[in-house]
Protein chains: 2
Amino acid sequence: MEEQFIKIATLIGDPTRASIMWALLDGRAFTATELAIVANTSPQNISMHLGKLLDASLLSVEKQGRHKYYRFSNKEIAYAIEGMANLISPTTVSKKKSTEKLSPVKHCRTCYDHLAGKIGVALTNSMLEQNIIVDVDNDFEISQEGVKWFSDFGIDVDEVKKKRRLFLKPCLDWSERKNHMAGSLAASLLDKMLADDWLRRTTNSRAIIITGKGEKELHKQFKIVV
Amino acid sequence: MEEQFIKIATLIGDPTRASIMWALLDGRAFTATELAIVANTSPQNISMHLGKLLDASLLSVEKQGRHKYYRFSNKEIAYAIEGMANLISPTTVSKKKSTEKLSPVKHCRTCYDHLAGKIGVALTNSMLEQNIIVDVDNDFEISQEGVKWFSDFGIDVDEVKKKRRLFLKPCLDWSERKNHMAGSLAASLLDKMLADDWLRRTTNSRAIIITGKGEKELHKQFKIVV
DNA sequence: ATTATAGTTAAAGACAGAATGAAGTATCTG
DNA sequence: CAGATACTTCATTCTGTCTTTAACTATAAT
């Protein structure tokens with residue numbers, strides 16, 4: 001088992017491959033070329049690295065015409081990467097420089113366990129406006145009022161913070177060119193909205209359907225017109 | 001933030017350092033020399049690697065005479081490593097060769113979140129005898145009866161399995177020279193025993209006190225004489 | 001004191017594995 | 001069809017970093 005662990009650690013522990021994993025963390029699928037741009041390296045090189053990650057089943061591919069879409073092969077991968085991301089020192093997280101370059105990727109797909117797309121962005125904007133969450137140097141933090149708001153909404157922030165994953169981070173939604181929330185808080189929010197029947201999952205796709213109740217509540221609480 | 005992530009990934013992703021992290025996973029503290037033996041390298045080299053891990057605050061040291069004891073600097077580190085260990089393919093886990101060498105380390109301290117020491121080992125032995133858990137090539141697995149047993153004990157195994165960490169693994173207790181259980185199942189078991197007041201934590205040490213009730217129950221259910 | 005053990009530091013060397021360059025296949029576009 | 005784009009493969013080069021050699025400090029044992 002130790003060798004297996006070392007194998008996985010060294011796989012993730014190469015700068016280029018770590019960069020790939022970091023980019024894939026939000027759950028979207030990227031093409032090889034996109035990943036080459038994100039990781040700042042050549043197509044040949046990214047191809048080699050993606051091959052290694054595929055061999056180890058850390059990633060899965062889906063071929064669409066001449067494109068190949070890469071993503072994490074399962075949730076455990078995302079959790080493992082998040083677990084490592086949790087080790088990023090808190091000071092660094094809040095001091096993150098705002099000039100960080102944005103990767104020129106245009107695709108947007110459903111994120112693993114949180115709301116993305118138009119609704120996700122609108123919801124995030126509304127929460128920023130209402131000071132439930134605040135933007136600190138391109139990083140999201142929850143405010144005092146926010147903790148209360150979530151509590152009223154039926155989510156215990158302290159409990160969510162105990163989860164062994166990234167609490168809250170912005171996730172750039174390229175279809176909207178704006179950030180939406182990701183992390184355990186965003187996941188809890190989605191869970192709650194599903195539980196309260198604001199939203200429903202569809203069986204065979206990642207699409208989310210907004211119920212009549214959800215439409216009403218989203219407008220009432222967030223001024224979102226669906 | 002990306003650079004920070006890459007830094008952490010490359011730190012863990014060196015074979016020698018991965019080996020160190022793997023050894024420390026059970027929560028015990030190791031000396032530099034012990035880690036050199038475990039990682040199969042020289043004292044100078046281990047010193048260099050430990051220095052890097054210290055610089056990044058992944059580890060903490062405690063000096064005792066001419067020895068230096070290294071351990072994870074906080075729980076998040078352990079969770080991150082566990083998250084990576086979760087990616088070890090299930091087939092590999094069950095096919096693990098039993099000839100794997102055991103590291104010649106004699107120290108034993110309290111493990112992070114599960115019972116260790118004499119009681120931990122006795123409990124594990126009893127569970128093996130009762131077929132609640134089974135030993136498959138030096139790896140622990142829960143049996144069908146085991147799932148029922150835990151359910152009767154008030155622990156929902158399916159729920160525990162959902163947690164993003166290693167479910168069950170043997171952890172060699174050198175003071176006893178036998179294995180005890182580690183992982184989320186072992187953690188749940190400890191939690192439950194604390195909740196049921198079989199055991200109590202002490203305030204300023206990692207020692208666990210067995211209550212009168214606990215003594216009775218441990219004898220009744222596991223034939224353990226405290 | 002003397003010797004042994006635990007650990008560190010600095011410099012030189014060795015090597016794995018990453019990047020590069022060149023050439024190829026497959027798919028889309030007009 | 002021709003030309004462009006997406007991606008891969010292989011052989012070669014190269015570089016970062018791990019290991020080793022050697023010399024050193026500090027604590028413990030006898």
Side-chain angles (χ1 to χ4, degrees), chain A residues 2-3 5-24 28-56 58-71 103-107, chain B residues 2-3 5-24 28-56 58-71 103-107:
Chain A
E2 193 199 10
E3 303 91 66
F5 174 77
I6 292 175
K7 195 185 149 201
I8 289 163
T10 49
L11 261 171
I12 302 175
D14 166 78
T16 302
R17 289 191 294 263
S19 198
I20 292 171
M21 300 309 263
W22 180 257
L24 295 176
R28 287 179 295 163
F30 285 64
T31 66
T33 306
E34 286 166 357
L35 288 170
I37 296 166
V38 172
N40 199 35
T41 186
S42 66
Q44 311 94 290
N45 204 27
I46 214 76
S47 183
M48 185 268 296
H49 285 298
L50 289 171
K52 290 191 179 185
L53 292 169
L54 275 180
D55 284 346
L58 291 184
L59 302 185
S60 64
V61 222
E62 203 178 318
K63 201 175 173 181
Q64 268 177 40
R66 59 180 167 178
H67 295 281
K68 277 192 172 182
Y69 286 95
Y70 291 86
R71 65 177 74 218
S103 46
V105 179
K106 289 167 196 148
H107 304 270
Chain B
E2 193 199 10
E3 304 90 66
F5 174 77
I6 293 176
K7 194 184 149 202
I8 289 164
T10 48
L11 262 171
I12 303 175
D14 165 79
T16 302
R17 289 191 294 264
S19 199
I20 291 170
M21 300 310 263
W22 180 257
L24 294 176
R28 287 178 295 163
F30 284 65
T31 66
T33 305
E34 286 165 357
L35 288 170
I37 296 166
V38 171
N40 198 34
T41 187
S42 66
Q44 308 94 295
N45 203 28
I46 213 77
S47 183
M48 185 271 294
H49 286 299
L50 288 171
K52 290 193 175 182
L53 292 169
L54 275 179
D55 284 345
L58 292 183
L59 301 186
S60 64
V61 223
E62 203 177 317
K63 201 175 174 183
Q64 268 177 40
R66 61 179 166 177
H67 295 279
K68 279 191 172 182
Y69 286 95
Y70 292 86
R71 65 178 74 217
S103 47
V105 179
K106 290 168 196 149
H107 305 271

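Naming: A, B, ... by sequence-line order, numbering from 1 per chain.
Put simply, CZ on Phe30(B) is 13 Å from P on dG7(C), counting in whole angstrom units. dG17(C) atom P lies 15 Å from atom CG of Leu53(A), rounded to whole Å. If you take CD1 of Ile6(B) and C1' of dA18(C), they are 14 Å apart, rounded to a whole angstrom. Note: OH (Tyr69(A)) to C1' (dT27(C)) measures 13 Å, nearest angstrom. Atom P of nucleotide dA16(C) and atom NZ of Lys7(A) are separated by 18 Å, given to the nearest angstrom. Between the CD1 atom of Ile46(A) and the C1' atom of dC7(D) there is a distance of 12 Å, rounded to whole Å. Distance Leu35(B) CG to dT8(C) P: 11 Å, rounded to the nearest Å.
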What string of B, S and - do you get for nucleotides 17-28 of chain D 5' to 3' if you count protein non-hydrogen atoms under 4.0 Å? -SBBBB----BS

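Distances shorter than 4.0 Å separate some side-chain N or O of Lys68(B) from OP1 or OP2 on dT8(C).
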Can Leu58(B) and Lys52(B) be said to form a side chain to side chain contact (heavy atoms under 4.5 Å, CB included), step by step? CA-CA 9 Å; Leu58(B) 292 183; Lys52(B) 290 193 175 182; over 6 Å; no

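The shortest heavy-atom contact between Ile46(B) and Ala32(B) is CG2-O, 3.5 Å. Closest non-hydrogen pair, Ala39(A) versus Ser19(A), comes out as CA-OG, 3.6 Å.
Put simply, CG on Asn40(A) and CG on Leu35(A) are 12.5 Å apart, with the number rounded to the nearest 0.5 Å. One distance of note links NZ of Lys68(A) with CG of Leu54(A); it measures 7.5 Å at 0.5 Å rounding.
Of the possible donor and acceptor atoms, none in the side chain of Arg17(A) sits under 3.5 Å from a partner among the backbone N and O of His49(A).
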